[in-house]
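Notes follow once the structure below has been shown.
Computed over heavy atoms, backbone and side chain alike; hydrogens, waters and symmetry mates excluded. Small disclaimer: the values here were computed from a predicted structure and weren't measured.
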There are 4 protein chains.
Amino acid sequence: MGGSGRLSPFVPKSPDFAARVRASFARQGAMAHIGAELARIEPGEVDITVTQRPEITQQHGYFHGGIVGMVADSAGGYAAFSLMPADASVLSVEYKINFIAPAEGDRLIARGRVLKPGRTLCICQVDVAVSRDGRETPCAAMLQTVMALAGRSDRPPHVASPSRTG
Amino acid sequence: MGGSGRLSPFVPKSPDFAARVRASFARQGAMAHIGAELARIEPGEVDITVTQRPEITQQHGYFHGGIVGMVADSAGGYAAFSLMPADASVLSVEYKINFIAPAEGDRLIARGRVLKPGRTLCICQVDVAVSRDGRETPCAAMLQTVMALAGRSDRPPHVASPSRTG
Amino acid sequence: MGGSGRLSPFVPKSPDFAARVRASFARQGAMAHIGAELARIEPGEVDITVTQRPEITQQHGYFHGGIVGMVADSAGGYAAFSLMPADASVLSVEYKINFIAPAEGDRLIARGRVLKPGRTLCICQVDVAVSRDGRETPCAAMLQTVMALAGRSDRPPHVASPSRTG
Amino acid sequence: MGGSGRLSPFVPKSPDFAARVRASFARQGAMAHIGAELARIEPGEVDITVTQRPEITQQHGYFHGGIVGMVADSAGGYAAFSLMPADASVLSVEYKINFIAPAEGDRLIARGRVLKPGRTLCICQVDVAVSRDGRETPCAAMLQTVMALAGRSDRPPHVASPSRTG
């Protein structure tokens with residue numbers, strides 16, 4: 001994590017934001033189930049990668065659109081979560097995704113970043129690319145609204161991916 | 001399938017539309033992987049259900065938001081596919097989903113229907129509900145754009161869920 | 001207003017919800033500017049109509065897509081506003097609109113209804129039709145997220161259409 | 001126009017792309033009606049600005065959300081149009097917009113750019129900012145799907161903003 005060279009424009013409310021993102025991600029059965037990994041955690045920016053495996057691909061070796069959506073939703077949700085106070089949890093209110101090319105490749109990379117942080121709502125953008133023999137191609141774009149639930153860290157009524165927090 | 005009592009307003013271009021939907025769905029590894037089943041196929045309307053199981057749920061027994069999105073995307077995609085000519089295949093151009101309640105229950109039901117069929121593009125709406133002890137609660141709403149690819153039945157460059165066709 | 005014969009499933013928090021919607025709408029310069037009118041106000045459901053005039057149409061007598069979006073956004077926003085407590089104001093967080101047919105006709109009708117009311121967020125659906133010689137054709141569909149701002153009735157920092165409230 | 005210093009990654013199919021964008025924009029009554037102007041035209045990138053005036057603002061001097069949506073839709077539509085062949089016209093299939101801050105200021109700037117050009121569909125992103133005393137603040141983000149209609153330059157059945165072409 002880190003080493004990106006680019007400075008995030010955001011100041012996190014919780015100094016251990018990266019540890020909180022990692023802990024929440026680890027509790028997500030579905031992320032483990034598809035082999036997703038946290039590749040980068042900065043304030044307001046989170047990258048998630050998935051390596052190709054048969055269960056999550058189409059017949060022709062593409063990543064399934066549902067996987068693309070799920071991973072992008074999580075990348076944006078955790079980007080928002082990284083800026084929230086320690087006692088908040090997070091839920092996806094909604095998102096819109098455009099599939100811009102077949103997700104054909106070895107590795108999927110969803111890069112989520114916060115466009116606008118807010119006390120209640122965060123607006124996030126997620127760019128998804130697929131890499132093949134080391135060359136990246138954009139394959140999807142997402143615009144997402146994420147909600148912070150204050151004081152809901154223990155038993156949150158989450159509806160979407162990045163659901164639980166420490 | 002059938003038995004819905006409600007008449008679909010659409011006339012399918014291919015008489016064996018239901019068989020084509022079933023054949024395409026059966027080839028989708030990802031749908032089988034999550035235990036999704038076709039529950040109803042009418043011209044322009046397809047329902048898909050998933051029964052709860054640990055791998056696809058959150059810790060508290062909710063269906064994961066990514067599963068909700070994936071199943072809804074497929075229900076809308078197949079609703080559109082049911083109206084396409086026999087040599088067409090289908091891809092999701094984009095969708096937007098609102099999560100309106102936690103998907104807490106035993107069974108997820110995504111009901112896709114075509115709002116506007118077109119030669120190239122179909123606009124679909126998908127209502128997703130979760131049932132618990134026989135009582136249904138709406139949990140998500142989707143608005144989706146689906147594209148028909150003419151003469152692409154053998155080796156389609158699909159990007160999203162309902163990707164292959166017979 | 002009223003006379004629809006259909007019962008709204010919602011109970012408004014403020015008994016004078018219709019008067020509040022009318023008062024807020026009247027203060028919207030932009031709605032008057034395009035000749036928009038409130039055609040129906042029920043709890044959680046608001047219809048807005050616009051009659052064709054040269055400034056808001058395309059060369060061929062269609063309603064401009066921007067007008068369609070603006071009117072639909074307001075119909076959904078006011079549908080949500082009708083369920084809010086008396087001291088709340090309302091803003092559009094986001095919306096997605098699909099244009100499903102040319103808006104060719106004499107009169108545009110946007111029918112907004114609340115899919116899910118919430119203390120902070122309301123999810124709304126808006127169906128837009130155009131009528132021509134008395135026959136209606138659906139021309140757009142919107143899925144929208146609206147936010148209630150509690151205790152902001154005097155000087156609200158609204159961003160979108162249904163912006164001010166009494 | 002031009003002078004941006006930044007190189008567009010796209011090669012236009014029509015050498016007179018800028019003149020075609022200007023001619024189509026000039027025929028749009030609605031753009032003139034709200035005082036919108038083309039500020040920049042590069043292959044795949046178009047900026048549109050609007051200067052504040054009473055009819056298009058809220059009571060508190062904000063740009064109306066409907067105006068923000070209309071101008072953003074046009075910026076993305078013309079960005080796509082700039083890459084299309086000379087005999088094509090353009091229509092907005094759909095868009096999703098997030099309002100990220102009140103559009104409070106003297107001047108609205110919508111910057112549209114093509115994320116993915118295609119023969120039939122273009123996916124565009126539009127960033128909208130408002131400037132006040134020379135300082136810009138982002139106020140909205142749009143993700144949009146635009147369709148090219150081949151050989152429809154004379155009498156196009158457009159549904160959305162950037163509707164007619166030369």
| Pick from A/Thr145, A/Ile123, A/Leu143: which one has the most heavy-atom pairs with chain D under 4.5 Å? | A/Leu143

| If you draw a 6.0 Å radius around CD in A/Glu136, do more than 12 non-hydrogen atoms from other residues or ligands fall strictly inside? | yes

| Do A/Asn98 and D/Glu94 touch side chain to side chain, with heavy atoms closer than 4.5 Å? |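 Yes, their side chains come closer than 4.5 Å.
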
| Who among D/Gln125, D/Met142, D/Lys116, D/Lys96 has the most heavy-atom pairs with chain A under 4.5 Å? | D/Lys96

